[in-house]
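Chain letters run A, B, ... following the sequence lines, proteins first, then strands; residues in each count from 1. Just so you know, these numbers use all the heavy atoms, side chains as well, and skip hydrogens, waters and symmetry mates.
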Protein chains: 2
Amino acid sequence: MAGDKSAPLWERLERPSPAPRQTLSSQRIATTAVAIADGEGLEAITMRRLAAELGVAPMAPYRYVSGKDDLLELMVDHVYADLRLPRGLDWRESLRTLAVQTRELMLQHRWLAQLSPRAKLSLTPNRMTVAEQALVALDGLDLDADTMMSVFRTVDAYVHGALSYESAVSTVISEQSLSGGDELRDELAPLMMWHMRTGRYPTFQHYLRTATRKDDTSWQFDLGLDCLLDGIATRFGI
Amino acid sequence: MAGDKSAPLWERLERPSPAPRQTLSSQRIATTAVAIADGEGLEAITMRRLAAELGVAPMAPYRYVSGKDDLLELMVDHVYADLRLPRGLDWRESLRTLAVQTRELMLQHRWLAQLSPRAKLSLTPNRMTVAEQALVALDGLDLDADTMMSVFRTVDAYVHGALSYESAVSTVISEQSLSGGDELRDELAPLMMWHMRTGRYPTFQHYLRTATRKDDTSWQFDLGLDCLLDGIATRFGI
DNA sequence: CTCGAACCAGATACGTTGTACACAACGAAG
DNA sequence: CTTCGTTGTGTACAACGTATCTGGTTCGAG
């Protein structure tokens with residue numbers, strides 16, 4: 001735009017002077033990208049879209065991230081900075097808090113559940129910190145290193161699995177501009193009816209008719225989490 | 001190609017006769033797509049690639065699936081047909097078997113862990129069957145409908161979370177043609193060293209030095225699963 | 001104060017993707 | 001033989017990630 005040689009000199013003089021340098025930074029790229037993904041989902045993340053949002057040419061962000069994969073890693077690290085584990089809790093309270101906070105993080109940034117295998121394994125500073133804190137919470141309980149890590153990863157697996165589902169529901173609801181679980185079920189009703197008419201799923205059908213907490217996702221999450229922590233506590237006598 | 005009117009008659013006569021009709025079917029499309037995804041990952045699934053593999057024009061499969069989303073659903077249902085839950089087990093053995101079989105399924109089809117939110121929620125016949133069987137296994141234990149579903153989903157969440165990680169590792173290993181966890185760690189070593197040199201992760205570092213079962217993924221999976229089932233059993237007295 | 005190198009963003013372009021749409025070849029029915 | 005519904009083909013387009021080249025800006029060394 002600023003280098004448009006075909007424009008008359010006088011028009012060019014009218015234009016605002018070129019933006020001061022250093023308009024971009026990893027920070028700004030990360031926050032902008034996260035804002036896009038939070039608002040419109042992971043598929044709205046496009047190098048071109050990001051550049052447009054930054055007010056910059058499509059290729060400009062490539063100075064700061066080597067490609068889209070890099071961008072995703074940057075975003076992940078950026079949001080994980082919000083996880084803060086309070087000190088002075090016992091192992092169970094620590095893991096529980098971590099789980100609940102991770103849930104909140106993943107509900108706020110639903111795209112976290114859709115990362116590529118690469119991005120899932122990315123060793124970013126803020127994720128390392130989370131792992132360290134979890135391991136610290138499990139230290140001094142006479143568990144060997146493998147067991148400590150396994151306990152942490154088990155809780156982490158439950159959280160990620162639960163939120164994979166929870167955030168998928170939430171994503172579909174928002175993609176279709178529905179108001180909640182009820183409207184989603186309305187949307188799915190024809191298909192569900194079709195399945196039920198086959199008569200192959202009587203127990204499922206009974207659930208559909210009698211359940212009353214279908215959308216109480218916090219209750220479901222907490223219930224599962226507490227079962228898991230119970231099991232861990234008794235198995236290792238801690 | 002076959003309809004190229006500008007070609008000389010003789011050339012047209014040389015061409016192989018048009019393929020017999022009904023070369024395509026949902027079945028053939030599903031198995032072909034699954035084969036591609038199993039061998040080369042989810043990103044290798046392209047409508048054009050699929051068509052090429054089927055020996056057909058790029059738009060041909062659209063007669064059978066309305067788009068890529070549909071194709072993914074078809075693939076999911078196709079592979080879930082392999083889950084067979086033996087009868088006559090108690091609730092715990094049932095859930096355990098289901099979990100282990102789901103793990104095997106997801107290890108065999110690593111792309112299952114990378115599905116879009118839409119595909120994750122897809123209500124396909126074979127997935128309905130799995131849910132039904134799980135609920136049947138939990139029936140008659142004096143649990144209310146919400147709790148039954150919650151227990152099933154808790155176990156399912158753990159399995160999916162564990163395999164989200166496990167299959168991400170496996171996917172990266174195969175993408176980079178590494179031989180296993182050791183080579184993956186070699187690859188990541190420089191980055192890990194960098195983190196460790198910051199001195200911020202002493203407990204993690206201790207784990208890295210002393211752990212001996214880093215790649216014993218079955219042990220980790222079973223351990224977590226048994227903890228979870230223990231917790232469920234004691235909490236509900238079943 | 002000048003000059004050159006290092007840095008930063010812009011412009012252009014290529015190959016690949018999902019898919020809309022119009023058309024053509026076939027099998028069967030009249 | 002004609003007609004028609006079904007099934008696969010051909011062409012086309014907008015949007016994507018990103019390689020590469022170009023030009024303007026900044027800053028430190030002389």
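Looking at which nucleotide of DNA chain C each of A:Gly55 and A:Arg48 is closest to, the 5′-most match is held by A:Gly55. Mapping A:Thr46 and A:Arg63 onto DNA chain D by nearest heavy atom places A:Thr46 closer to the 5' end of the strand. Each of A:Arg49 and A:Met59 has a nearest nucleotide on DNA chain D; the 5'-most of these lies closest to A:Arg49.
With respect to B:Asp216, the side chain to side chain donor-acceptor pair (under 3.5 Å) criterion is satisfied by exactly one of B:Arg213, B:Gln220, B:Lys214: B:Arg213.
Using a 4.0 Å heavy-atom distance criterion, A:Ala60 is classed as a sugar-phosphate-only contact. Among the protein residues, B:Ile45 comes within range of the sugar-phosphate backbone only, with heavy atoms under 4.0 Å from sugar or phosphate atoms but none that close to a base.
Ion pairing between a basic and an acidic side chain is recognised when a charged N comes within 4.0 Å of a carboxylate O; B:Asp156 and B:Arg153 show no such pairing.
What separates CG of B:Leu42 from P of C:dT17 is a distance of 14 Å, to the nearest Å. Distance B:Leu71 CG to C:dT17 C1': 14 Å, rounded to the nearest Å. In this structure, A:Asp70 atom CG and D:dG17 atom P are separated by 14 Å, rounded to whole Å. Atom P of nucleotide D:dT18 and atom CG of A:Asp69 are separated by 7 Å, given to the nearest angstrom. To the nearest angstrom, P of C:dA13 lies 21 Å from CE of A:Met47. Between the CG atom of B:Leu50 and the C1' atom of D:dG8 there is a distance of 14 Å, rounded to whole Å. Atom CG of B:Leu54 is separated from atom P of D:dT9 by 10 Å (rounded to the nearest Å).
Side chain of A:His195 to main chain of B:Leu123: a donor-acceptor pair is present (N/O by atom type, distance under 3.5 Å, no hydrogens or angles). B:Ser122 places no side-chain N or O within donor-acceptor distance of the main-chain N or O of B:Arg118, the cut-off being under 3.5 Å.
Expressed to the nearest 0.5 Å, how far CG of A:Asp82 lies from CD of A:Gln101 amounts to 9.5 Å.
For C:dA9, one of the phosphate oxygens OP1 or OP2 lies less than 4.0 angstrom from a side-chain nitrogen or oxygen of A:Thr23. Residue B:Tyr64 places at least one side-chain N or O closer than 4.0 Å to OP1 or OP2 of D:dG8.
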